[in-house]
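Structure first, commentary second.
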Amino acid sequence: MVMPTMINKKSTKKPIYTTRPIVPDLSDYIKKLETIWNNKWFTNMGDMHKELEEVLQKKLQVNNLSLFNNGTIALITACRALRLSGEVITTPFSFAATPHVLTWNNIKPIFCDIDPDTYNLNPELIEDLITSDTTGIMPVHVFGMPCECLKIQQIADDYGLKVIYDAAHSFGVKYLEKGIGNYGDCSMFSFHATKMFHTAEGGALTCNDKKLKKRLDLLKNFGIKDEDHVSMPGINGKLNELSAALGLVVLSMYNKEREKRKQLFAQYFKWLENIDGIKLPYHLNSNNHNYQYFPIQIDKQDFGVSRNFVKLKFEEQNIFARKYFYPLCSNYSCYQQLESAKIENLPIANKTSQEILCLPLYGDLKMSEVSMICQTILGIKKN
Ligand SMILES: *Cc1c(COP(=O)(O)O)cnc(C)c1O
């Protein structure tokens, strides 16, 4: 039974979500649509697709880039192109797509614990998980924070393994002066609407090997080589022209969006620095950061209340923060029976998953809203 006093408890404030997509001027998009209408060409690597591949290749500072209809299909295709099989070492602290992509390739995901500060795969723990069945490593640059790519590459070279990065969060991120998409054998970027650069749905693979790029292009188009030859069992991974056109107009707004987020990010730091029990995102060189997320970690012991309590308090104010990543992939019912998924094998990832909370961060978020969110946190701490 609902008590009458509880009915009015819900806040009437405008809801604040964790993220909001870049929304270009409709008139800019319509101009692109007019071109598509005139060409009568809606998909199959048209002019928009071609242009977007070229500009993104420059923007991400990579040698080869192949667009896809989403990041998950792109990652599935990368595993096929690099002929991964058997076992692949990955992180449990990611979005569902990461281990699922391996499963869809009949590969057993082997979960490896993470670094407590960067939340990325801990390279020191990889070697112990390598067996005669291991063919690759699939790390994630979590929240756009680069992995220790050189250490990971060294292990891969020592054992003859492939490395495919899930760079879904890492649009525009650089590592050691190079675009992040240059590391490993292949990297996947997601252009889903929740990501900073987006095409509504979409994604891309980047790689250094020209031959691999050719293979990716074939695989994403059913393996069709020419009118008379189908050379391999491919899939439909093509990005359509409507999405590619959206990408072109969204891209022109990206730098401004990043700049706005950068200022909000700094504002969060000002408010939340030096609060017992709150760990702020690992500090990055500001030239490398894309400000995709603002994750905080709440230690119940030191802060006084749990992450879940803070999230509920936010909801009373119509603030919707997200528990990225909870549940941990290794605790999904489809993976928890794996030896590597045991909680005692993944102590850092399990702890982080219980404590992490991504606060709202997007260009149109107001400074006053950041202040209000932070004051809510400080208010909880006091009580
Ligand atoms: C968004 C995301 C994906 C999946 O990308 P889609 O484009 O939505 O298929 C994969 N991995 C991570 C870490 C993501 O955040």
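Start at 1 and go down the list; that is how both ligands and their atoms are numbered. Fair warning: this is a prediction, and the values are worked out from it, not measured in the lab.
- In this structure, I30 shares a hydrophobic cluster with L26, the cluster being traced through Ile, Leu, Val, Met, Phe, Trp and Tyr side chains under 4.5 angstrom apart.
- Residues passing the ring pair (Phe, Tyr, Trp, His ring centres under 6.0 Å) test with Y159, sequence neighbours excluded: none.
- Ring geometry for F171 against F197 counts as parallel: the plane angle stays under 30°, on a 0 to 90° scale with 60° as the upper cut.
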Can you list every pair where an N/O of ligand 1 is under 3.5 Å from an N/O on the protein?
| residue | atom | partner | partner atom | Å |
| --- | --- | --- | --- | --- |
| ligand 1 | 5 (O) | S190 | OG | 3.2 |
| ligand 1 | 7 (O) | G71 | N | 2.8 |
| ligand 1 | 7 (O) | S190 | OG | 2.7 |
| ligand 1 | 9 (O) | G71 | N | 3.3 |
| ligand 1 | 9 (O) | T72 | N | 2.9 |
| ligand 1 | 9 (O) | T72 | OG1 | 2.5 |
| ligand 1 | 11 (N) | D166 | OD1 | 3.4 |
| ligand 1 | 11 (N) | D166 | OD2 | 2.7 |
| ligand 1 | 15 (O) | H169 | NE2 | 2.8 |
| ligand 1 | 15 (O) | K195 | NZ | 3.2 |

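- With sequence neighbours excluded, no residue forms a salt bridge (charged side-chain N to carboxylate O under 4.0 Å, His left out) with K32.
- Just one of K256, R20, K260 meets the salt bridge (charged side-chain N to carboxylate O under 4.0 Å, His left out) condition when paired with D364; it is K260.
- Listed for the E53 side chain is a donor-acceptor partner under 3.5 Å among the backbone atoms of L67.
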